[in-house]
Structures are given as C-alpha cells and as structure tokens.
Amino acid sequence: MKTYLIEEYGDRSAVHPAEMPEPRPGPEDVLVEIHAASVNPLDFKIRDGAFKAILPYRLPLVLGNDFAGVVVKAGSAVTRFAVGDEVYARPDKDRIGTFAERIAVHQDDLAPKPAGLTMAEAASLPLVALTAWQALVERARLRPGQKVLIHAGSGGVGTVAVQLAKHLGAYVATTASAANAETVRELGADLVIDYRTQDFEELLDGYDVVLDSLGGRTLDKSLRVLKPGGQVISIAGPPTADFARELGANAVLRLVMNALSFKVRRQAKRRGVTYSFLFMKADGARLRELTRLVGTGTLRPVVDSVFPFDRTLDALEYAEEGRAKAGKVVVAMR
C-alpha cells in the first residue's frame with residue numbers, strides 16, 4: 001500500500017512516499033480503508049525525533065495521527081464494528097500511521113464517524129477534540145462560570161477547545177490574529193486578544209484555567225494571569241515526572257522529565273498555581289461522546305484546506321509553515 005514515512009529522524013526532507021505491506025489486524029482490531037487524515041503538530045515532533053526517548057518507534061515509521069475511513073475487515077473478537085461501517089479515530093500512540101491507504105486499529109480506539117460530516121471534516125477532529133476534552137473536562141474539570149484562556153484559538157486544538165469550553169459554561173478568552181477574530185467569536189469566544197498588537201498578560205487576571213499550545217515565553221506569562229489555585233495545562237511545554245509515570249517510564253527518564261519541568265513548576269508553586277503537561281490518549285469511548293456533541297451542533301470542525309494524498313508533502317509543508325488561516329489541514333485519499 002502507499003504511505004508517507006520516515007526511515008530516520010530529521011527535517012521535512014526525511015518524509016517520503018513508499019510502499020509498505022498492508023497491516024494485519026489482530027483479533028480485536030479492525031482494518032480501515034483510510035479516506036482522509038489530518039495534519040497535526042505532533043507529526044512534526046515525531047518526525048524530528050523530539051519524542052524518541054519516550055516514544056521509541058521502530059523505523060521505518062509511517063506518520064499520521066488521526067483519520068476517517070471505512071471498515072474493510074474485522075478481527076474475530078471485534079464486537080462493535082462491521083465491514084462497511086464509517087469510522088474515525090486517533091490510533092493509540094504506539095500504532096500511528098494514518099498517512100497510508102489502510103490502518104489496523106483496536107476497536108477500543110475507534111468511534112462511528114459523525115453522520116453529518118464529510119470524511120475530511122471527520123478526519124480533522126479526533127486528535128484535537130480528544131486533546132480539548134482531556135484538558136478541559138478530565139484534567140481541568142472546567143465548571144460553569146469559570147474563566148479559561150485558550151491560546152491560539154484559531155488553531156486545530158483551539159477551534160475545538162473554544163467551542164467545548166463555551167459548552168461547559170465557561171467565560172472564554174483566546175488569542176488569535178485580527179484576521180481570525182470573527183471566526184473565533186463565532187465559535188464562542190467571549191474575548192479575543194490580538195496576539196500581534198496586544199499582550200494578554202496585561203489584559204487578563206484572575207483566570208481559573210489556561211490551555212497552552214505554544215509553550216516557551218507564552219507559557220511563562222500564562223502563569224501570571226491565573227488566580228490562586230488556578231492551573232496551566234500545556235500540550236507544548238516541558239513534560240513532567242507525572243507524565244513519565246503515565247508512560248511507565250523508568251526512574252532515569254522520570255528524573256530527566258522532572259528536571260526539564262523544574263523551572264516552570266517552581267514558578268507555578270511560587271504563584272500558588274499548578275502546571276501540568278498533557279499528552280492526549282486514544283479513547284474511542286470519549287470520541288463517541290464528542291460525536292454526540294457534533295451531532296447536536298455543539299461542536300463543528302474547522303477545516304482550512306484539503307490536499308490530495310499524492311500531495312501529502314505539500315500539506316505537511318503548508319501546515320508546518322503556519323500558512324493555514326484557521327483550523328486543520330487535511331489529506332484526502334479519495
């Protein structure tokens with residue numbers, strides 16, 4: 001089957017098309033013919049080798065972290081899906097590879113595709129929607145009346161997180177360019193801060209939660225807009241020892257991650273707030289809950305552009321260079 005993969009870690013030149021054997025589904029797996037897959041910043045981090053110490057992939061490695069498609073084969077112990085079902089998923093971190101014609105996925109990581117969405121729209125959702133859910137619902141336990149700052153509100157995670165936070169009853173502030181201000185307001189943002197001309201640190205105070213997707217200086221400044229007891233949840237900042245324990249990492253790696261996050265955790269403690277790092281998990285049950293929110297119109301996908309499969313390299317370059325105006329970049333196999 002046709003794929004886009006890496007044979008060694010490196011920059012964008014490391015990704016290339018290649019033929020690979022079709023995956024063999026296990027007893028609890030389904031084999032899915034992929035119709036569309038979306039591009040995520042995680043693809044670039046994996047390609048660069050940023051996670052090779054904690055995610056020791058065997059190379060060559062097919063890239064791609066979420067998809068929508070049709071079941072073409074079901075394992076002998078599969079009970080939830082049948083041949084012909086339209087599905088979507090974020091595969092488990094150890095079984096990625098959605099820039100391909102087919103993929104084998106455990107049934108627990110899969111969900112029925114939202115009926116009202118195209119394959120491209122559905123493919124844009126799993127990773128970012130699960131990230132937003134796990135950050136705001138499971139980690140932050142966001143409640144009605146609380147105040148949340150969501151960075152990069154017009155990005156992949158941001159467009160879903162703004163909608164979900166509003167659904168949960170929060171007051172939602174977000175950072176975005178002036179060109180995307182109206183888009184994020186339509187998604188539910190109460191306050192839009194132009195990151196090019198305004199400093200969110202000077203405008204905000206007393207927030208309960210910050211969802212950080214940028215890291216660096218933005219993360220440092222985010223600690224200062226929280227009220228005592230508030231929390232920053234980052235998907236871009238330094239990993240923590242707690243994250244290492246979740247992975248089942250050894251003691252040495254836990255110490256390394258503890259050291260990497262020491263500065264930001266110390267800053268947070270001095271301000272009476274908390275910092276945590278989130279690496280989202282595949283979860284078909286939660287994805288089904290998100291599917292219901294899509295069905296009621298509470299959540300809607302935002303797709304910037306769709307590239308044909310034979311232009312996957314162009315799609316990756318387009319996304320990595322930040323040329324997408326709002327939402328996700330998708331690769332369509334059909």
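- The shortest distance between side-chain heavy atoms of E101 and E22 does not fall below 4.5 Å.
- Grouping Ile, Leu, Val, Met, Phe, Trp and Tyr residues whose side-chain heavy atoms lie under 4.5 Å apart, directly or via other members, leaves M1 alone, with no other cluster members.
- Side chain to side chain, D304 and Y318 meet the donor-acceptor criterion of an N or O pair below 3.5 Å.
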Q: Could you check L125 against L290 for side chain to side chain contact (heavy atoms under 4.5 Å, CB included), going step by step and ending with a plain yes or no?
A: CA-CA 9 Å; L125 282 175; L290 288 158; over 6 Å; no

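- T159 places a side-chain N or O within donor-acceptor distance of the main-chain N or O of G155, the cut-off being under 3.5 Å.
- The side-chain heavy atoms of V172 and K147, taken from C-beta on, include no pair separated by under 4.5 Å.
- Look at R224 and E201 and you find a salt bridge, because one of the NZ, NE, NH1 or NH2 atoms lies within 4.0 Å of a carboxylate O, short of that distance.
- Ion pairing between a basic and an acidic side chain is recognised when a charged N comes within 4.0 Å of a carboxylate O; K2 and E19 show no such pairing.
- Within a 6.0 Å radius of CZ in R24, other residues, nucleotides and ligands contribute 12 heavy atoms or fewer.
- Not a single donor-acceptor pair under 3.5 Å links the side chain of S305 to the backbone N or O of V329.
- Side chain of Q107 to backbone of T79: a donor-acceptor contact under 3.5 angstrom is found.
- Donor-acceptor pairing under 3.5 Å is recorded for the side chains of S222 and H151.
- The cluster map of Ile, Leu, Val, Met, Phe, Trp and Tyr, joined by side-chain heavy atoms under 4.5 Å apart, puts V160 and V162 in the same cluster.
- Counted by atom type alone, D11 and S13 present one or more donor-acceptor pairs between their side chains at under 3.5 Å.
- No side-chain heavy atom of V225 sits less than 4.5 Å from a side-chain heavy atom of D205.
- Under the 4.5 Å side-chain criterion, counting only non-hydrogen atoms from C-beta, L203 is in contact with Q198.
- Minimum interatomic distance between S213 and A152 (heavy atoms only, all atoms of both residues): OG-CB, 3.8 Å.
- Between the side chain of K113 and the main chain of L117, a donor-acceptor pair closer than 3.5 Å is present.
- No donor-acceptor distance shorter than 3.5 angstrom exists from the side chain of D48 to the backbone of A50, with no hydrogens or angles considered.
- A donor atom on one side chain and an acceptor atom on the other are not found under 3.5 Å apart for N180 and T183.
- By the 4.5 Å heavy-atom criterion applied to side chains, M257 and D242 are not counted as neighbours.
- L31 and V78 sit in two unconnected hydrophobic clusters of ILVMFWY residues. Membership requires side-chain heavy atoms under 4.5 Å apart, directly or through other members.
- The pair R95-D109 does not meet the salt-bridge criterion, since no charged nitrogen lies less than 4.0 angstrom from a carboxylate oxygen.
- The local environment of CD in E321 is crowded, with over 12 non-hydrogen atoms from other residues, nucleotides or ligands closer than 6.0 Å.
- Note: I235 CD1 to M280 CE = 10.0 Å, rounded to the nearest 0.5 Å.
- Minimum interatomic distance between P238 and L260 (heavy atoms only, all atoms of both residues): CB-O, 3.5 Å.
- Taking hydrophobic clusters as Ile, Leu, Val, Met, Phe, Trp and Tyr residues chained together by side-chain heavy-atom distances below 4.5 Å, Y195 does not share a cluster with L214.
- In the hydrophobic clustering of ILVMFWY residues, with side-chain heavy atoms under 4.5 Å counting as a link, F277 and F44 come out together.
- To the nearest 0.5 Å, atom CG of residue L136 and atom CD1 of residue I233 are 6.5 Å apart.
- Judged by distance alone, the side chains of N40 and K328 do bring a donor and an acceptor atom under 3.5 Å apart.
- You'll find the side chain of V232 stays beyond 4.5 Å of the side chain of T274, heavy atoms only.
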Q) Are E7 and L61 close enough, and set up right, to give a side chain to side chain contact (heavy atoms under 4.5 Å, CB included), and what steps lead you there? A) CA-CA 7 Å; E7 296 183 74; L61 173 69; over 6 Å; no

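- Residue Y275 holds its OH atom at 7.5 Å from CG of D212, rounded to the nearest 0.5 Å.
- Relative ring orientation between F279 and F243 is described as tilted, the plane-to-plane angle lying within the 30° to 60° band.
- Screening L187, T291, L293 for a side chain to side chain contact (heavy atoms under 4.5 Å, CB included) involving L299 leaves a single residue, L293.
- Side-chain contact check for E86 and H35: no donor-acceptor pair (N or O, by modelled atom type) lies under 3.5 Å.
- R196 and S177 share no donor-acceptor pair across their side chains, judged by distance under 3.5 Å alone.
- In terms of heavy atoms, A36 sits closest to V330 at CB-CG1, 4.0 Å.
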(Q) Please determine whether side chain to side chain contact (heavy atoms under 4.5 Å, CB included) holds for the pair R47 and Y9, giving the CA-CA distance in whole Å, both sets of side-chain angles, and the decisive distance to 0.1 Å. (A) CA-CA 6 Å; R47 178 204 67 197; Y9 295 113; over 6 Å; no

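- Shortest non-hydrogen contact noted between R288 and A111 is CG-CB, 3.7 Å.
- D208 has no carboxylate O lying under 4.0 Å from a charged side-chain N of R143, or vice versa, which leaves the two without a salt bridge.
- Here I193 contributes atom CD1 and T174 contributes atom OG1; the two are 8.0 Å apart, rounded to the nearest 0.5 Å.
- I46 and I6 make their closest contact through O-CD1, 4.4 Å (heavy atoms, listed as atom of the first residue, atom of the second, distance).
- A 6.0 Å sphere centred on CZ of R141 holds no more than 12 heavy atoms belonging to other residues, nucleotides or ligands.
- Other residues, nucleotides and ligands contribute at most 12 non-hydrogen atoms within 6.0 Å of the NZ atom of K73.
- A distance-only check finds no donor-acceptor pair linking the side chain of Q134 to the backbone of L278 [under 3.5 Å].
- Distance OH/Y88 to OG/S38: 12.0 Å, rounded to 0.5 Å.
- Note on E138 versus K281: no salt bridge recorded, every NZ/NE/NH1/NH2 to OD/OE distance being 4.0 Å or above.
- Here the side chains of L5 and M20 are in contact, with some heavy-atom distance below 4.5 Å.
- Of the possible polar contacts, one joining the D66 side chain to the L127 backbone as a donor-acceptor pair under 3.5 Å is found.
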Q. Should R102 and V32 be marked as a side chain to side chain contact (heavy atoms under 4.5 Å, CB included) after you check the CA-CA gap, both sets of side-chain angles, and the distance that decides it?
A. CA-CA 5 Å; R102 294 190 175 190; V32 179; over 6 Å; no

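- Under the 4.0 Å criterion applied to side-chain N and carboxylate O atoms, D199 and K221 are assigned as salt-bridge partners.
- Grouping the Ile, Leu, Val, Met, Phe, Trp and Tyr side chains by contacts below 4.5 angstrom, directly or via other members, places V70 apart from V306.
- Between the side chain of D85 and the backbone N or O of V87, no donor-acceptor pair lies under 3.5 Å.
- Checked by atom type and distance alone, the side chain of N258 never pairs as donor or acceptor with a backbone atom of L255 at under 3.5 Å.
- Taken to the nearest 0.5 Å, the CE atom of M333 stands 4.5 Å off from the CZ atom of F309.
- When all heavy atoms are compared, the tightest approach of A100 to V62 is CB-CG1, 4.1 Å.
- Taking the side chain as every heavy atom from C-beta outward, I96 and R90 approach each other to under 4.5 Å.
- Aromatic ring centres of F99 and F67 lie farther apart than the 6.0 Å criterion allows.
- A side-chain donor-acceptor contact under 3.5 Å links T3 to the backbone of A18.
- With sequence neighbours excluded, no residue forms a salt bridge (charged side-chain N to carboxylate O under 4.0 Å, His left out) with K325.
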